[in-house]
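What follows is a short report on a single structure.
Lettering follows sequence order; numbering is per chain, from 1. Values below: all heavy atoms of this structure, side chains included; hydrogens, waters and symmetry mates excluded.
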Amino acid sequence: MKYKDTLNLGKTKFPMRGSLPKTEPERQAKWYANDLYHERLTQNETKPHFNLHDGPPYANGNIHLGHALNKISKDIIVRYKNMTGFYAPYVPGWDTHGLPIEQQLTKAGHDRKSMPKYAWRNLARDFALEQVKKQRQDFKRLGVLADWDKPYITLQPEFEAAQIRVFGDMADKGYIFKGAKPVYWSWSSESALAEAEIEYHDIESTSLFYANRVKDGKGILDNNTYLIVWTTTPFTITASRGITLGPDFEYAVVQPANDDRKFVVAAGLLAESAERFGWNDYEVVATHLGKELDRITAQHPWDQNVEELVMNADHVTLDSGTGLVHTAPGFGEDDYNVGKAYGLPADVTVDAKGFMTSEAGPDLEGKFYDDVVDIVIDKLKRANLWMATEKITHSYPFDWRTKKPIIWRAVPQWFASVDQFRQDILDQIDQVNFYPEWGKKRLYNMIRDRGDWVISRQRVWGVPLPIFYAEDGTAILDRDIIEHIAQLFEKHGSNYWFEHSAQELLPEGYTNEHSPNGEFTKEEDIMDVWFDSGSSWNGVLNTRSELDYPADVYLEGSDQYRGWFNSSLITSVAVNGVAPYKNVISQGFTMDQNGNKMSKSLGNTISPLEVADKMGIEILRLWTVTVDTSADMPVSNDILKQVSESYRKIRNTLRFLLANTTDFNPETDSVAYDDLAAHDQYFYTLLNELVKDVRQAYDTYQFKAVFNRLINFINVDLSAFYLDIAKDVVYVEAPTGHVRRSMQTVFYKTLLDLVKLLLPILPHTAEEVWEYLPHENEAFAYLADMPEVENLTGAEELLARWHQFMKLRDSVNKALEQARVNELIGKNSEAALTLFVTDEQEALLNSLNADVRLILMTSQLHVYPANQAENATDYDGFLINVAHAKGAVSPRDRMYHEDLGADPAFPELSKHEAEIIREFYPEALEEGFE
RNA sequence: GGGCCUGUAGCUCAGUUGGUUAGAGCACUGUGUUGAUAACGCAGGGGUCACAGGUUCGAGUCCCGUCAGGCCCA
């Protein structure tokens with residue numbers, strides 16, 4: 001017989017290495033084969049609800065790290081909540097309408113103009129659903145457990161109907177109105193363009209300087225004063241309605257010697273203006289700040305009916321021109337904004353094809369906008385207002401498809417008024433909890449400063465605006481009609497709008513006084529996609545029975561303060577007066593190791609699926625809890641490698657615990673807390689603290705605190721301390737004896753608690769361990785509940801005592817290390833330790849009531865009063881002497897003993913070991929040892 | 001240009017209401033084990049807390065500015 005056969009060495013088939021890339025997909029297949037998602041929900045049916053509402057990713061393209069972080073974070077929350085007494089469903093969603101999908105179709109060779117709208121939309125729908133399918137496959141590979149078979153998709157008829165109803169309610173409250181706003185307009189394709197459809201080229205333009213005669217100078221400027229403005233788009237002078245100044249810039253009133261008129265230019269641009277306009281000799285007769293000239297008026301260069309208003313805005317610069325900007329609200333975004341603030345109309349004098357309209361005046365009507373420069377100059381010269389003409393080269397937007405330049409042009413748009421209920425929204429923001437807290441400020445400022453919401457888009461792929469027009473052009477926004485449309489969409493989907501005429505869409509027998517002949521037309525614009533996803537509280541939370549409105553949590557990237565957090569809030573407050581969420585969690589963006597953003601051109605991107613294939617998705621999931629998700633997060637292969645080291649540590653520790661509890665049956669072998677050995681009681685208490693801290697961190701969405709606490713516990717408390725001393729107990733002591741069972745009791749609880757606490761983060765690993773726990777009843781670890789925090793009496797004092805003792809242990813380790821350096825000992829068991837203790841230290845040791853020699857892992861320990869110290873070294877207040885242990889080594893426990901052979905039958909073993917052998921391995925008496 | 005945010009050891013993070021020699025884990029170096037072994041233990045080196053001012057008896061912590069980086073706007 002071998003001595004080794006009388007030891008209880010750990011035994012498990014749980015592999016040291018996870019082979020994660022291979023085993024994860026197999027494990028996930030098992031989850032779905034057993035419908036683990038619904039299984040857990042069914043188990044929680046009667047529990048309080050916790051509802052995390054998934055923000056819909058856009059159904060286009062491969063998933064990237066941002067997607068992965070988002071879905072994994074949500075999975076962690078949902079899994080945790082389901083394991084802590086909540087019914088927490090997770091319904092994933094997709095955002096499917098919008099321009100990028102239309103662009104994909106174009107790229108694939110489809111021509112939108114060669115087919116009816118409904119046909120184009122069918123192509124878009126098929127494409128979107130294909131993307132949803134692909135992304136869903138990839139999201140599942142992340143280990144995210146959700147209702148993947150029944151996601152919400154914004155193109156689903158029931159979603160579209162719910163969205164129409166949100167619009168209907170807002171219209172009913174008078175929040176929807178029609179206005180005009182400049183958009184990128186391509187005359188060559190006769191349509192509005194999105195930012196993404198524009199490319200910039202350098203072109204040479206004619207820029208004009210001209211003067212505007214002051215009409216009402218408000219007592220500051222007289223009528224012989226002229227405001228000199230600058231424009232690079234001469235045709236827009238036809239729609240010029242104002243002149244914008246920087247409020248804090250200084251403006252000079254100049255009297256040139258060679259002119260009897262006075263002119264106004266920015267003081268900072270006076271010198272170059274003088275040169276440009278040929279003022280060889282001039283005098284500055286006054287200066288005024290822009291804000292002092294506010295609301296002065298000037299005469300339009302040639303249109304006697306137009307009085308231009310002087311306005312102030314911050315977009316004015318002194319980079320070029322004169323510091324006075326001619327303002328045509330119908331032809332520019334800045335112009336529109338400032339004009340709106342001053343109540344000016346957004347007049348448009350160019351038609352859809354780029355030709356001047358009658359409003360441009362008889363000299364220009366019918367001319368192409370780009371051909372009117374000479375006429376405009378001529379008109380200015382005849383009015384004696386022309387000052388200078390220059391050629392400039394600048395970057396100008398072009399239609400990416402026709403390669404022709406575009407213009408800004410106001411077109412009719414539908415708006416949702418934010419002004420009317422802005423204060424309600426702000427009040428609701430105050431009711432919401434934000435993680436991190438600054439999110440409240442950020443969202444608040446955005447809502448406070450934003451303008452009305454332009455909800456119409458001149459595109460095809462989206463939910464139509466359910467608006468009709470009577471014969472005289474009156475828009476019909478009627479609650480009953482909109483509900484009628486919602487019902488049609490619910491049944492047929494929104495393509496119905498494009499497949500049928502206005503008459504067919506209206507309720508049978510509908511009449512309207514504005515349509516004496518009973519004829520109607522329908523709106524052709526669609527809704528902004530943000531209105532789609534912004535309606536999800538109605539399209540999903542109010543539509544699916546397992547969900548609740550408002551939701552407990554929305555969690556997205558910080559770009560969504562402008563996006564989904566924003567649009568959802570507006571529609572929800574507009575309709576119901578409440579925010580759609582109680583908590584908002586926002587996350588930063590993933591950066592490379594140097595803190596720079598990831599981009600394909602820099603080659604610093606990391607694909608989540610590649611990580612899954614090479615290292616396992618558990619590594620990426622673990623990464624998400626090592627970083628501060630409230631700010632930007634660094635990722636690189638080196639960082640992931642570091643994370644995988646942590647994973648290995650976790651895995652190996654679980655493995656050791658498993659290996660040493662295989663012969664332990666918790667039902668029959670457990671030792672009660674009060675009967676545990678002192679060191680086990682201590683560790684039990686430490687574990688309880690861990691559970692407390694980790695649960696609290698989970699409850700407040702502090703995942704990196706979860707990780708830090710767990711990894712420190714595993715490294716410091718478990719691996720370096722408890723498991724290290726454990727080997728002298730668990731391997732050596734009697735297999736069913738009290739000391740061993742005591743420790744195994746704590747091992748087993750540690751193992752179970754760790755597996756559960758880790759599960760939301762590492763579900764694959766947790767489930768793998770679970771397969772090695774035959775005494776647990778749940779078929780999956782995920783069906784178990786989180787460990788509860790116990791109220792252990794006297795825990796605080798116990799921890800304080802041991803905390804003190806650990807300082808002694810540190811000192812002992814240093815002493816032993818010194819002895820090792822001096823080649824007095826090799827391993828700790830070769831040492832005989834002598835402590836010379838103060839009264840206080842002695843009291844501490846006694847109060848522990850513990851086997852101190854065992855915990856310090858030496859073969860022999862002696863304790864004497866400090867005043868008897870001899871050959872002792874002071875290690876941080878502890879007097880310690882290390883000597884070589886006396887006696888000889890037992891081949892079985894490898895410790896030094898002075899009583900080897902006390903039992904003559906076993907000359908190489910100590911008395912204690914001999915007793916264990918006689919009781920548990922009596923065959924050794926016959927066989928002897930090799 | 002504006003709103004919001006970030007910047008502590010090579011890496012990822014802690015640093016409570018400003019108060020003793022700034023901490024942890026990983027990595028690194030040395031070393032011990034070889035009964036957690038493509039593992040484990042012990043010890044050690046490593047930081048002018050982005051930079052420059054200011055408030056204070058005292059600042060990683062508060063204030064101002066600069067630089068670098070990020071999200072969203074213009």
Side-chain angles (χ1 to χ4, degrees), chain A residues 2-4 7-12 14 16-17 246 313-317 319 333-334 337 436-446 448-450 557-563 565-566 586-598 622-623 625-628 630-636 638-649 651-660 704-705 707-716 719-721 723-728 730-732 809-810 812-821 823 825-830 857 892-894:
Chain A
K2 293 177 180 167
Y3 287 115
K4 204 166 175 174
L7 292 169
N8 320 293
L9 298 179
K11 208 191 304 180
T12 181
F14 183 85
M16 208 160 185
R17 304 172 77 198
D314 292 327
H315 69 263
V316 179
T317 68
D319 295 344
E333 175 117 71
D334 287 336
N337 289 333
E437 284 177 23
W438 52 254
K440 178 171 288 194
K441 205 181 346 174
R442 184 165 175 182
L443 189 56
Y444 188 96
N445 288 350
M446 272 182 181
R448 185 193 58 199
D449 297 337
R450 72 163 292 157
S558 60
D559 55 336
Q560 298 304 322
Y561 285 106
R562 174 49 83 186
F565 295 154
N566 204 295
S586 77
Q587 302 188 322
F589 281 67
T590 53
M591 302 292 142
D592 71 10
Q593 196 150 14
N594 302 317
N596 293 313
K597 80 200 288 183
M598 295 193 157
L622 193 57
W623 166 80
V625 297
T626 65
V627 290
D628 180 1
S630 73
D632 293 329
M633 294 147 279
V635 207
S636 67
D638 283 347
I639 290 173
L640 289 173
K641 206 176 139 200
Q642 179 183 324
V643 172
S644 68
E645 290 300 322
S646 292
Y647 175 81
R648 282 170 56 191
K649 183 69 188 182
R651 187 177 176 89
N652 258 308
T653 305
L654 294 173
R655 179 171 178 270
F656 185 85
L657 288 169
L658 264 182
N660 287 288
K704 79 179 171 190
F707 172 78
N708 270 326
R709 189 68 176 82
L710 280 169
I711 202 70
N712 270 295
F713 179 85
I714 286 170
N715 272 304
V716 180
S719 189
F721 171 65
L723 298 187
D724 209 31
I725 66 168
K727 293 168 217 169
D728 290 332
V730 165
Y731 293 169
V732 174
R809 183 171 175 270
D810 285 341
V812 167
N813 276 335
K814 280 177 190 155
L816 291 171
E817 186 63 23
Q818 191 55 49
R820 218 183 328 271
V821 170
E823 295 184 351
I825 60 166
K827 51 183 172 176
N828 288 7
S829 60
E830 288 172 35
M857 298 198 302
R892 184 173 170 278
D893 71 6
R894 295 179 175 170

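- Between K814(A) and rC42(B) there is no side-chain polar atom (N or O) within less than 4.0 angstrom of OP1 or OP2.
- Across all strands, P634(A) comes closer than 4.0 Å only to sugar-phosphate atoms, never to a base (heavy-atom distances).
- One finds no salt bridge joining E830(A) and K827(A) here, because no Lys/Arg side-chain nitrogen approaches an Asp/Glu carboxylate oxygen to under 4.0 Å.
- For the pair D592(A)/P634(A), no side-chain contact is recorded, criterion being any heavy-atom separation below 4.5 Å from C-beta on.
- Residues N652(A) and M16(A) meet the side-chain proximity criterion, which asks for heavy atoms closer than 4.5 Å.
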Find every protein N or O atom lying less than 3.5 Å from an N or O atom of nucleotides 63-66 of chain B, and list the pairs.
none

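- The separation of rG3(B) from rC49(B), taken at their C1' atoms, amounts to 28 Å, rounded to a whole angstrom.
- Counting only N and O atoms by type, the side chains of Y444(A) and R448(A) include no donor and acceptor under 3.5 Å apart.
- Using a 4.5 Å cut-off on side-chain heavy atoms (C-beta onward), S586(A) and W438(A) make contact.
- With P as the reference atom, rC4(B) and rU17(B) are 22 Å apart, rounded to whole Å.
- Residues K649(A) and T653(A) form a side-chain contact, since some pair of their non-hydrogen atoms from C-beta on lies under 4.5 Å apart.
- Note that the CD1 atom of I714(A) and the CZ atom of R709(A) stand 11.0 Å from one another [nearest 0.5 Å].
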Given Watson-Crick and G-U pairs under 3.5 Å, RNA chain B in dot-bracket ([ ] crossing, | other strand) is (((((((..((((.....[...)))).(((((.......))))).....((.((..]....)).))))))))).
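- Side chain S719(A) to base rA36(B): a donor-acceptor pair is found below 3.5 Å.
- Residues N566(A) and R450(A) are in side-chain contact: their nearest non-hydrogen atoms beyond the backbone lie under 4.5 Å apart.
- Here the separation of rG7(B) from rA50(B), taken at their P atoms, is 8 Å to the nearest Å.
- Residue R894(A) is classed as a base contact, given a heavy-atom separation below 4.0 Å to a base.
- Here the separation of rG18(B) from rC62(B), taken at their C1' atoms, is 7 Å to the nearest Å.
- At the heavy-atom level, N652(A) lies under 4.0 Å from base atoms of the strands shown.
- Within 4.0 Å (heavy atoms only), V716(A) reaches sugar-phosphate atoms of the nucleic acid but no base atom.
- Remark: K649(A) is not in phosphate contact with rA36(B), judged by side-chain N or O atoms under 4.0 Å from OP1 or OP2.
- A 4.5 Å side-chain heavy-atom check between T590(A) and D632(A) finds every atom pair outside the cut-off.
- When the P atom is compared between rG47(B) and rU31(B), the two are found 23 Å apart, to the nearest whole Å.
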Any chance you could list the contact pattern along nucleotides 1-10 of chain B? Use B for base contacts, S for sugar-phosphate-only contacts and - for none, protein heavy atoms under 4.0 Å, 5' to 3'.
-> --BBS-----
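- Of the candidate nucleotides rG70(B), rC40(B), rA27(B), rC40(B) has the atom nearest to the side chain of D724(A).
- Residue side chain R17(A) reaches the base of rA38(B) through a donor-acceptor N/O pair under 3.5 Å, judged by distance alone.
- One finds no salt bridge joining R562(A) and D559(A) here, because no Lys/Arg side-chain nitrogen approaches an Asp/Glu carboxylate oxygen to under 4.0 Å.
- Proximity note for I711(A) (side chain, C-beta onward) versus rG70(B), rG25(B), rU12(B): the nearest is rG25(B).
- No hydrogens or angles considered: nothing links the side chains of S636(A) and D638(A) as a donor-acceptor pair under 3.5 Å.
- Looking at heavy atoms from C-beta onward, Y731(A) lies in side-chain contact with L9(A) at the 4.5 angstrom threshold.
- Atom NZ of K827(A) and atom P of rG41(B) are 17 Å apart (whole Å).
- Remark: N715(A) is in phosphate contact with rC26(B), judged by side-chain N or O atoms under 4.0 Å from OP1 or OP2.
- Atoms CG (N828(A)) and C1' (rC42(B)) sit 7 Å apart, rounded to a whole Å.
- One P atom belongs to rG60(B), the other to rU33(B), and the distance between them is 45 Å to the nearest Å.
- Regarding N813(A), its CG atom lies at a distance of 19 Å from the P atom of rU31(B), rounded to whole Å.
- Inter-residue side-chain proximity for S558(A) and R442(A) is flagged as met; some heavy-atom pair is nearer than 4.5 Å.
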